[in-house]
Number of protein chains: 2
Amino acid sequence: MQQRNADRTKARILEAATEEFAARGIAGARVSRIAEVAGCNKAMLYAYFGNKDELFDAAFTASVAQYLDEVGFDVDDLPAYAGRVFDYFEAHPERLRLSTWYRLERPDGQPLEAIVAVNQARLDELHRGMRRRVVPRQFTAVTLLSLIQAIATHWTSMNPEYGVDVPNPIIRRRAVVMAVQKILS
Amino acid sequence: MQQRNADRTKARILEAATEEFAARGIAGARVSRIAEVAGCNKAMLYAYFGNKDELFDAAFTASVAQYLDEVGFDVDDLPAYAGRVFDYFEAHPERLRLSTWYRLERPDGQPLEAIVAVNQARLDELHRGMRRRVVPRQFTAVTLLSLIQAIATHWTSMNPEYGVDVPNPIIRRRAVVMAVQKILS
DNA sequence: GCCTAGCAACCAACTGGTTAGTTGATTTCC
DNA sequence: GGAAATCAACTAACCAGTTGGTTGCTAGGC
């Protein structure tokens with residue numbers, strides 16, 4: 001077991017940061033808590049990531065990259081895509097929280113290049129799908145993408161006032177897939 | 001013009017608090033900024049609302065009450081209801097932000113009684129609608145309510161990586177209403 | 001194989017500024 | 001005259017970021 005390893009320390013900081021930021025947001029996160037969870041000194045964190053804000057950027061960018069990598073897109077079966085998005089955030093609710101914090105706390109932050117590029121690619125695919133008559137044309141491509149995203153994550157982003165009545169994951173997933181099917185019909 | 005008026009001061013504090021909390025969340029909000037915007041001293045704020053957290057509660061509760069009061073529910077025309085929800089948050093995006101902050105920063109906060117009651121009433125109405133065959137039964141009532149909410153607010157809760165392609169409000173509204181119609185078909 | 005110089009990794013303790021919350025006095029109105 | 005409304009100034013704690021120094025790893029000479 002190495003006692004010194006820059007890469008490993010960096011990775012541990014990023015992991016701890018993701019956890020802390022997902023739980024408390026940028027303003028609510030405590031740098032000292034991140035350092036503690038990462039098992040290192042605050043100074044390391046500043047050496048590797050600059051400052052609190054840049055650390056959030058690093059954590060969020062990594063999180064998004066992992067999401068885009070793991071959840072592929074498929075114009076030919078959008079309900080299945082919605083199902084996968086549902087599965088992903090069911091397994092990693094903290095990723096959705098991170099994304100929401102980003103939206104709330106960086107209201108006029110420059111959109112991340114990586115996401116813009118992927119979104120553009122998906123929009124292009126949707127347009128091609130529409131020309132091929134695989135995707136209906138009642139909604140614009142942006143609307144469709146955004147609607148599907150909203151439907152796939154609607155449970156996770158729900159306020160907690162429904163209590164007991166919320167169905168189990170299997171039923172929720174089925175509802176997501178069915179809703180997207182209906183949107184496309 | 002009165003120089004002293006407890007009710008008016010209280011109202012101004014609440015207004016300023018809503019603005020500040022909507023913009024920056026609980027952790028990011030600054031009590032001194034709220035006092036400044038409200039045109040009074042910090043001490044007033046503590047005299048009237050106890051502390052920062054209770055001030056947020058007051059602002060959020062008032063905001064929700066106003067929303068529930070303004071946007072009525074109508075089982076017989078759910079697409080129109082979705083349209084009204086869309087209109088409301090288009091006109092008051094800060095209310096949606098406030099609600100999102102609440103969800104993120106109070107992950108295990110006790111659900112607000114007022115919302116729980118209204119939701120239960122709406123669920124009951126949906127159930128009656130289902131029995132009357134006015135509302136389809138493919139989704140459970142909770143699912144429907146949650147789906148409609150998600151669809152009606154999907155633009156506002158979108159991350160900002162779509163840029164220029166986002167359609168104008170009229171088209172967005174039409175998309176919301178149409179999507180809910182399709183969900184119900 | 002052993003020693004050591006130099007550098008990268010690491011940290012305890014500190015700093016300067018900020019922040020939620022308080023206090024004790026002052027003003028205004030009835 | 002007294003109660004309610006208001007505030008300037010204060011406090012104690014907190015927190016992002018820094019500093020100055022220590023420790024472990026390794027390359028290269030012997």
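Below, each value reflects all heavy atoms present in this structure, side chains not excepted, and no hydrogens, waters or symmetry copies. Note on naming: letters A, B, ... go to the chains in the order of the sequence lines (proteins, then strands), and numbering restarts at 1 for each one. From a predicted model like this one, the values you see are computed outputs, not experimental measurements.
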*asked:* The test is ring-ring contact (aromatic ring centres under 6.0 Å, His included); show your working for F60(B) and F21(B) and say whether it passes.
replied: CA-CA 9 Å; F60(B) 180 56; F21(B) 283 126; over 10 Å; no
_Worked check of side chain to side chain donor-acceptor pair (under 3.5 Å) between T143(B) and T140(B)_ = CA-CA 5 Å; T143(B) 307; T140(B) 68; 2.6 Å; yes
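Expressed to the nearest 0.5 Å, how far CZ of F139(B) lies from CG of L145(B) amounts to 13.5 Å. Taking CD from E19(A) and CZ from R24(A), the interatomic distance works out to 10.0 Å, rounded to the nearest 0.5 Å.
Remark: T9(B) is not in phosphate contact with dA5(D), judged by side-chain N or O atoms under 4.0 Å from OP1 or OP2. Using a 4.0 Å cut-off, some side-chain N or O of N41(B) falls inside it from OP1 or OP2 of dA8(D).
The shortest side-chain heavy-atom distance between V71(A) and Y81(A) falls under the 4.5 Å cut-off.
Remark: P of dT19(C) and CZ of R30(B) are 5 Å apart, rounded to the nearest angstrom. Rounded to a whole Å, the CZ atom of R8(B) is 15 Å from the C1' atom of dT28(C). When rounded to the nearest whole Å, the span between CD1 of I13(A) and P of dA9(C) equals 12 Å. The separation between K10(B) atom NZ and dT6(D) atom P is 11 Å, rounded to whole Å. In this entry the distance linking NZ of K52(B) with P of dA13(D) reads 18 Å, nearest Å. At whole-Å resolution of the value, OH in Y46(B) and C1' in dT6(D) are 16 Å apart. Counting to the nearest Å, the P atom of dT18(C) and the NZ atom of K42(B) are 13 Å from each other. Rounded to whole Å, the distance from CG on D7(A) to P on dC10(C) is 10 Å.
Distance from the side chain of M44(B) is smallest to dC7(D) among dC7(D), dC15(D), dG21(C). Closest contact between the side chain of Y48(B) and the listed nucleotides dC15(D), dA5(D), dT23(C) involves dA5(D). The side chain of A43(A) has dT18(D) as its nearest neighbour among dA8(D), dT18(D), dA9(C). Here the nucleotide nearest the side chain of C40(B), chosen from dC11(C), dA20(C), dC7(D), is dC7(D).
Heavy atoms of A27(A) sit nowhere under 4.0 angstrom from any nucleic acid atom.
Closest-nucleotide positions on DNA chain D for G50(A) and R33(A) were compared, and the one nearer the 5' end corresponds to R33(A).
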